[in-house]
Amino acid sequence: MTTVIDGKNVAASVIQTVKSATAALEKSSGVTTGLAVVIVGDDPASHAYVGSKGRMAKECGFKSVQHTLPAETKQEDLAALVATLNADPSIHGILVQLPLPKPLDSEAIIQSILPEKDVDGLSVVNAGKLATGDLKTGLVSCTPAGAMVFVRRTHGEDLSGLNAVVIGRSNLFGKPMAQLLLNANATVTIAHSRTKNLAEVCRNADILVAAVGRPEMVRADWVKPGATVIDVGINRVAAPERGEGKTRLVGDVAFEQVSAVAGTITPVPGGVGPMTIAMLMANTVIAAHRMAGQTPPQF
């Protein structure tokens with residue numbers, strides 16, 4: 001029988017750990033975990049994301065601060081706000097919602113966030129720490145960190161002897177995911193659009209992670225029987241069966257057919273998605289513990 005991972009359920013357990021750790025830190029050191037979210041412009045999707053992050057932060061017991069700036073904000077004014085938040089000891093995590101309106105330079109802004117407050121895990125310092133295996137002082141990008149929680153709960157902490165294939169080499173997901181798997185002793189292959197015989201490469205995987213943004217690209221004959229399949233893709237496709245102009249969300253994996261072969265699989269929606277905000281909260285409480293000189297919780 002194939003196990004379908006319930007991402008909402010796992011995310012809820014992560015949030016429960018965050019709440020307990022937040023309360024314990026406040027009790028032991030008087031420190032309230034603080035998260036600042038910066039949003040520029042009026043993109044509706046970005047505002048929806050920021051709203052859900054703010055609500056979750058409050059639910060976790062954080063001090064939650066939101067800075068909403070107009071689309072015409074100048075680079076130097078945004079940089080000055082980040083500098084102010086960097087210097088604020090009551091803020092442990094800083095999140096700048098992407099994408100930023102043009103002509104703002106998002107990379108310069110992201111890299112200006114102090115690495116220890118970079119709860120999105122996007123700074124080159126945190127990427128470098130992950131690449132060198134330093135998980136004790138770095139912060140890991142939220143989506144791969146969430147996917148790794150699924151892998152650990154399925155296979156345990158040590159992945160020695162297991163082959164893992166990550167389809168996708170983005171800085172946001174593919175590369176950090178591969179590093180996390182490597183740090184857990186898996187033998188890792190990063191596949192991408194230039195990989196030859198991709199289906200054959202994927203069939204070797206005990207753990208197959210798909211993050212390419214191509215609807216239902218991974219088919220049943222790509223998957224080793226009993227493999228763990230983590231689907232990170234979120235694609236909107238036409239759904240005429242629901243009515244004219246209607247759409248539905250699908251992953252990079254053809255769920256119906258692959259779930260007949262895989263041992264464990266994540267659905268879309270309801271798999272990796274809920275974990276991203278949960279791991280953002282986890283990173284923030286980890287950052288708060290480190291700044292207070294306390295041992296952070298494990299996730």
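For the side-chain contact (heavy atoms from CB on, under 4.5 Å) with Thr68, the qualifying choice from Val37, Val50, Ile39 is Ile39, the only one to do so.
Here the shortest heavy-atom pairing between Pro115 and Leu139 reads O-CD1, 3.7 Å. Between Gly93 and Ile91, the closest heavy-atom pair is O-CG2, 3.3 Å. Lys74 approaches Leu104 most closely through the heavy-atom pair C-CD2, 3.9 Å. Nearest heavy atoms, Gly146 versus Met275: O-CE, 3.7 Å. Residues Thr247 and Arg242 approach most closely at O-NH1, 3.4 Å, considering heavy atoms. Nearest heavy-atom pair, Ala288 versus Thr33, reported as atom, atom and distance to 0.1 Å: CB-OG1, 3.5 Å.
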Self-check item: side-chain contact (heavy atoms from CB on, under 4.5 Å) assessment of Val38 paired with Leu85
Solution: CA-CA 10 Å; Val38 178; Leu85 295 170; 3.8 Å; yes

Exercise. Start with the C-alpha gap between Ser123 and Ile113, add the side-chain angles, then the distance that decides, and say whether side-chain contact (heavy atoms from CB on, under 4.5 Å) holds.
Key: CA-CA 8 Å; Ser123 80; Ile113 297 170; over 6 Å; no

Quiz prompt | Working for salt bridge (charged side-chain N to carboxylate O under 4.0 Å, His left out), residues Glu241 and Lys246 | solution = CA-CA 8 Å; Glu241 72 279 4; Lys246 295 289 186 183; over 6 Å; no

Practice problem: Test side-chain contact (heavy atoms from CB on, under 4.5 Å) on Cys142 and Asn283 and set out the steps. | Solution: CA-CA 8 Å; Cys142 301; Asn283 273 351; 3.9 Å; yes

Quiz item: Given the rule in the side-chain contact (heavy atoms from CB on, under 4.5 Å) test, do Ser90 and Thr32 qualify, once you have shown the distances and angles that lead to the verdict?
Solution: CA-CA 7 Å; Ser90 73; Thr32 301; over 6 Å; no

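Counting non-hydrogen atoms of other residues, nucleotides and ligands closer than 6.0 Å to CD1 of Ile234 gives a total of 12 or fewer. For Asp42, the CG atom sits in a loose shell: 12 or fewer heavy atoms of surrounding residues, nucleotides or ligands are nearer than 6.0 Å. Atom CZ of Arg214 sits in a sparse spot, with 12 or fewer heavy atoms from other residues, nucleotides or ligands closer than 6.0 Å.
Under a hydrophobic clustering in which Ile, Leu, Val, Met, Phe, Trp and Tyr are joined whenever their side-chain heavy atoms come within less than 4.5 Å, directly or via other members, Met217 and Val258 fall into the same cluster. In this structure, Phe62 is not a member of the same hydrophobic cluster as Met291, with clusters built from ILVMFWY side-chain heavy atoms closer than 4.5 Å. Note: the hydrophobic cluster containing Leu98 does not contain Val119 (ILVMFWY, side chain heavy atoms under 4.5 Å, direct or indirect links).
Distance check: Ile94 CD1 to Ile109 CD1 gives 11.0 Å after rounding to the nearest 0.5 Å. The OG1 atom of Thr295 lies 12.0 Å from the CD1 atom of Ile286; values are rounded to the nearest 0.5 Å. The line from CZ of Arg290 to OG1 of Thr137 is 6.0 Å long, rounded to the nearest 0.5 Å. With values rounded to the nearest 0.5 angstrom, Asp105 atom CG is found 5.0 Å from Gln75 atom CD. If you take CE on Met148 and CZ on Phe299, they are separated by 16.0 Å, rounding to the nearest 0.5 Å. Annotation: the span from Glu157 atom CD to Gln298 atom CD amounts to 7.5 Å, rounded to 0.5 Å.
Thr84 places none of its side-chain heavy atoms less than 4.5 Å from the side chain of Asp88. Using a 4.5 Å cut-off on side-chain heavy atoms (C-beta onward), Pro99 and Ser46 make contact. Looking at heavy atoms from C-beta onward, Val223 lies out of side-chain contact with Arg203 at the 4.5 angstrom threshold. Side-chain contact between Asn204 and Thr189: absent, with no pair of heavy atoms (C-beta onward) separated by less than 4.5 Å. Between Val149 and Arg153, the closest side-chain pair of non-hydrogen atoms falls below 4.5 Å. Looking only at side-chain heavy atoms (C-beta outward), Met281 and Glu59 stay at 4.5 Å or farther from each other. Between Asn235 and Asp252, the closest side-chain pair of non-hydrogen atoms falls below 4.5 Å. A 4.5 Å side-chain heavy-atom check between Asp120 and Leu280 finds at least one atom pair inside the cut-off.
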Under 3.5 Å, sequence neighbours excluded: what are the donor-acceptor pairs made by side chains of residues 173-184?
from	atom 1	to	atom 2	distance (Å)
Lys175	NZ	Asn171	OD1	3.0
Asn183	ND2	Leu130	O	3.4
Asn183	ND2	Gln179	O	3.3

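Using modelled atom types and a 3.5 Å distance limit, the side chains of Thr132 and Asp134 yield no donor-acceptor pair. Residues Asn126 and Asp118 have side chains that bring a donor and an acceptor to within less than 3.5 angstrom of each other.
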